[in-house]
Amino acid sequence: MPELPEVECIARGLREGTQALPPLPGQRIVRASLRWQRHIAQPPPNTFRRRIRGRTILDVRRRGKFLVFPLDEGTMLIHLRMSGDLEMAPRGSPPGLYDRTVFFFEAPWELRFSDARKFGKVHLLSDPQDVLGALGPEPLDDGFTAKKFAARLAQYRRMLKPLLLDQHFIAGLGNIYVDESLHRAGIHPLRRSDSLQVDEVHALWRSIRASLRTGLRHNGASIDWVYRGGSFQNRFRVYQRAGKPCSRCITPIERIVVAQRGTYLCPRCQPEKAR
DNA sequence: CACGAGACCTGTTCGC
DNA sequence: TGCGAACAGGTCTCGT
């Protein structure tokens with residue numbers, strides 16, 4: 001489900017709390033309930049259970065699509081993958097059907113990791129870099145300049161769509177924001193990374209950042225029943241709009257399959273050109 | 001190195 | 001109405 005903007009919004013919500021829910025930082029974990037042990041990527045579930053007990057969550061951050069929880073001892077990472085969501089809830093309130101991993105706090109609250117498809121992952125690490133170190137740059141960081149992006153693109157001879165989905169290349173983009181960014185830039189998803197002209201690289205760099213920022217401004221995208229609260233789904237240019245008119249030129253949006261992912265594009269605004 | 005296929009899971013929607 | 005196929009915001013591993 002969630003890509004950079006959605007994960008960022010979830011992190012913010014947990015960090016700041018709401019009128020009804022307290023901020024997550026400061027909460028001390030007294031117990032973790034592991035109802036789907038394969039959620040726990042590392043260490044082994046029994047070790048995880050033992051080490052997480054008594055830890056205090058100090059902050060909630062984001063890196064790529066990971067939620068990062070610095071603890072008083074070590075760091076916990078959560079990846080929501082396709083169907084995951086995290087929600088603070090009052091102790092004793094009716095549990096969700098898909099709650100897989102639940103953290104119970106000293107105060108009368110619990111953090112529920114619900115995940116219908118069970119693809120999500122939880123890590124407990126002494127050095128979070130063991131996992132986060134493999135990620136590519138943050139697209140919204142000041143340090144992520146068009147120049148650096150250009151240099152990175154030139155390192156590969158890959159199709160843009162799978163390259164932009166590759167978290168080692170750039171962190172945080174998923175199927176929605178890649179398609180939206182490519183349309184905004186007017187570039188076909190099958191173009192090779194090393195075939196872009198200078199102005200195209202710049203357009204893509206700008207488009208990626210603009211798409212993510214627009215997503216953030218609308219609190220992310222809420223499709224189906226997972227992740228509520230966002231409204232970016234109402235502003236999709238191409239994603240899941242096959243057959244509908246392109247917002248720029250009226251041409252019907254096309255759906256193709258690239259790297260086993262549904263891929264949406266406007267054949268007129270995103271010509272295939274010289275690949 | 002780059003790519004496609006298959007796995008991992010469950011739920012919803014579509015077509016006959 | 002029923003049933004199987006296709007599809008879903010992600011990522012890993014394997015074979016070519």
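These figures come from a predicted structure and were not determined experimentally.
- Contact between the side-chain N/O atoms of A/Arg192 and the OP1/OP2 oxygens of B/dC3 is found at a separation under 4.0 Å.
- When the side-chain nitrogen and oxygen atoms of A/Gln167 are compared with OP1 and OP2 of C/dG10, none of them lie within a distance under 4.0 Å.
- Straight-line distance between the C1' atoms of C/dG10 and B/dC1: roughly 23 Å, to the nearest whole Å.
- More than 12 heavy atoms of other residues, nucleotides or ligands lie within 6.0 Å of CD in A/Gln37, so this atom counts as buried by the packing criterion.
- The separation of C/dG2 from B/dC9, taken at their P atoms, amounts to 30 Å, rounded to a whole angstrom.
- Shown here is A/Arg152, whose CZ atom has more than 12 heavy atoms of other residues, nucleotides or ligands within 6.0 Å.
- If you take CG of A/Asp115 and P of B/dG11, they are 11 Å apart, rounded to a whole angstrom.
- Each of A/Phe104 and A/Leu58 belongs to its own hydrophobic cluster when Ile, Leu, Val, Met, Phe, Trp and Tyr are linked at side-chain heavy-atom distances under 4.5 angstrom.
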Inset, instruction - Report the secondary structure of DNA chain C in dot-bracket form, marking unpaired bases with a dot and bases paired to a different strand with |, and treating Watson-Crick or G-U pairs with both distances under 3.5 Å as paired. - result: .|||||||.|||||||
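- Within 4.0 Å (heavy atoms only), A/Arg261 reaches at least one base atom of the nucleic acid.
- Across all strands, A/Phe169 comes closer than 4.0 Å to no nucleic acid atom at all (heavy-atom distances).
- Nucleic acid contact for A/Lys65: sugar-phosphate only, since backbone atoms but no base atoms lie under 4.0 Å from a heavy atom of the residue.
- Side-chain nitrogen and oxygen atoms of A/His79 include at least one within less than 4.0 Å of the OP1 or OP2 phosphate oxygen of C/dT11.
- Cluster partners of A/Leu135, by chain and number: A/Phe66, A/Val68, A/Leu77, A/Leu125, A/Val131, A/Leu132. The rule joins Ile, Leu, Val, Met, Phe, Trp and Tyr whenever side-chain heavy atoms lie under 4.5 Å apart.
- For A/Arg248, the CZ atom sits in a loose shell: 12 or fewer heavy atoms of surrounding residues, nucleotides or ligands are nearer than 6.0 Å.
- A/Ser93 and A/Arg112 share a donor-acceptor pair across their side chains, judged by distance under 3.5 Å alone.
- A/Tyr264 has a side-chain polar atom (N or O) that falls below the 4.0 Å cut-off from OP1 or OP2 of C/dA8.
- A/Phe232 and A/Phe236 have perpendicular rings, their planes meeting at more than 60° on a 0 to 90° scale where under 30° would count as parallel.
- Looking at heavy-atom distances under 4.0 Å, A/Tyr177 makes no contact with the nucleic acid at all.
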Inset, instruction - Assign a letter to each nucleotide of nucleotides 4-9 of chain B from its 5' end: B, base within under 4.0 Å of a protein heavy atom; S, sugar-phosphate only; -, no contact. - result: SBB-BB
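- For A/Tyr98, taking side-chain heavy atoms from C-beta onward, the closest of the listed nucleotides B/dT10, C/dA8, B/dA2 is B/dT10.
- Residue A/Arg15 places its CZ atom among more than 12 non-hydrogen atoms of other residues, nucleotides or ligands, all under 6.0 Å distant.
- Under the 4.5 Å side-chain contact rule for hydrophobic residues, A/Leu21 and A/Leu14 share a cluster.
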